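One structure is given below, encoded as structure tokens.
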Amino acid sequence: MIGPAAKSGRLRINEIFLSLQGEADAVGYPTVFVRLTGCPLRCQYCDTEYAFHHGDWLDLDAIVDKVRGLGAHHVCVTGGEPLAQPNCLRLLERLCDAGLQVSLETSGALDIAGVDSRVSRVVDVKTPGSREAARNRIENFSGLNPRDQLKFVICSREDYDWSKAFLQEHALTERCRILFSPSYTEVSPTALADWILADRLPVRFQIQLHKVLWGDVPGK
Ligand code: SF4
């Protein structure tokens, strides 16, 4: 059954703001972030809990207009878990149609198959340290392509070893690009960099640029 939000083409939006992209392929580019309200997961390190419940209903035209009005070429649809709202797929299409470089940040717990092929998908793999590893949707892996990125947030040495084994078990480095990030405050970035180097692991190390620049504040 189609709910009222789907019929009217609306989404519940927590915030829309301009910042620098802090992660993944488009790191460093001025980017408009569209943060959708709500997430079915509860990762222990979540830094966007403020997006779980609060937001305003906006129609797709208003969202696209606001994004264009902020004037950046890149736009990132994030959350929460943006795919938890079915109209997110229509928003992604509309943003691509507007000629923008569109990326999607998703938890990896929901089906990504319906995402417009023009979108750069950044998909989490939840490690045991997140306490949500049981939510990883393994079926997503077969549809990954070289434009996609899988992101592991590493919370400990145990998480690192688990992630390394998980990469091998699912042959993930052959499917798409892999990002390893240290969990902010839980793992030293230097330690993670040293582990990757010692193992010659074919993954891309990253730190969250926006947190280096502005700390852990909403809207940045
Ligand atoms: S999936 Fe993302 S938004 Fe949801 S709880 Fe985990 S870190 Fe937070």
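Predicted model, so just to flag it, every value in this text is computed and none were measured. These values consider heavy atoms only, across backbone and side chains, with no hydrogens, waters or symmetry-generated copies.
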Mind checking whether [X] and [Y] have side chains closer than 4.5 Å, heavy atoms only?
| X | Y | value |
| --- | --- | --- |
| K66 | I13 | no |
| W195 | L201 | no |
| L92 | V102 | yes |
| Y160 | D199 | yes |
| W214 | L20 | yes |
| L91 | V64 | yes |
| V153 | T127 | no |
| D111 | R137 | yes |

Distance-minimising heavy-atom pair for [X] and [Y]:
| X | Y | answer |
| --- | --- | --- |
| G129 | D159 | N-OD1, 2.9 Å |
| A72 | P30 | CB-O, 3.6 Å |
| C176 | N145 | CB-O, 3.3 Å |
| N87 | L60 | O-CD2, 4.3 Å |
| R94 | D61 | NH2-OD1, 2.7 Å |
| Q206 | P182 | O-CD, 3.2 Å |

Heavy-atom neighbours of [X] [atom1] exceed 12 at 6.0 Å:
| X | atom1 | result |
| --- | --- | --- |
| R131 | CZ | no |
| Q168 | CD | no |
| Y29 | OH | no |

| request: Please step through side chain to side chain contact (heavy atoms under 4.5 Å, CB included) for the pair L89 and L83, ending with a clear verdict. | output: CA-CA 7 Å; L89 297 178; L83 294 177; 3.9 Å; yes
[atom1] of [X] to [atom2] of [Y]: how many Å apart, nearest 0.5 Å?
| X | Y | atom1 | atom2 | value |
| --- | --- | --- | --- | --- |
| L172 | S163 | CG | OG | 10.5 Å |
| I16 | L58 | CD1 | CG | 6.0 Å |
| K151 | I178 | NZ | CD1 | 13.0 Å |
| D47 | Q208 | CG | CD | 6.0 Å |
| K164 | I196 | NZ | CD1 | 11.0 Å |
| H170 | L150 | NE2 | CG | 10.5 Å |

| query | Do L18 and I63 share a hydrophobic cluster (ILVMFWY, side-chain heavy atoms under 4.5 Å, transitive)? | reply | yes
| Between F180 and F152, does the ring centre distance come in under 6.0 Å? | yes
| task | Test side chain to side chain contact (heavy atoms under 4.5 Å, CB included) on V75 and L70 and set out the steps. | result | CA-CA 10 Å; V75 56; L70 286 167; over 6 Å; no
| Residue pair Q21, S103: steps toward the side chain to side chain contact (heavy atoms under 4.5 Å, CB included) verdict | CA-CA 10 Å; Q21 175 57 269; S103 60; 4.2 Å; yes
| Check: H54 main-chain N/O paired with N14 side-chain donor or acceptor under 3.5 Å | yes
| field | N/O donor-acceptor pair under 3.5 Å between N136 side chain and V125 backbone | value |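 Looks like no, no N/O pair under 3.5 Å.
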| When you look at T106 and E81, which way does the side-chain hydrogen bond (donor to acceptor under 3.5 Å, both in side chains) test go after all the steps? | CA-CA 6 Å; T106 177; E81 168 49 88; 2.9 Å; yes
| field | Contacts of R42 that satisfy side chain to side chain donor-acceptor pair (under 3.5 Å) - sequence neighbours left out | value | none
| task | Go through the structure and list residues passing side chain to side chain donor-acceptor pair (under 3.5 Å) with R35, not counting sequence neighbours. | result |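 Checked R35 against side chain to side chain donor-acceptor pair (under 3.5 Å); matches are E15, Y50.
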| Full working for side chain to side chain contact (heavy atoms under 4.5 Å, CB included) between R135 and S107 | CA-CA 9 Å; R135 305 296 290 268; S107 67; over 6 Å; no
| said: Does Q149 form a side-chain hydrogen bond (donor to acceptor under 3.5 Å, both in side chains) with E23? I'd like the steps, not just the answer. | reply: CA-CA 11 Å; Q149 298 162 79; E23 304 183 58; over 6 Å; no
| said: D25: which residues meet the salt bridge (Lys or Arg N to Asp or Glu O under 4.0 Å) condition with it, sequence neighbours left out? | reply: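 So D25 forms a salt bridge (Lys or Arg N to Asp or Glu O under 4.0 Å) with R177, R204.
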| task | If the plane angle is over 60° it's perpendicular, under 30° parallel, otherwise tilted; pick one for W162 and F166. | result |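 Parallel.
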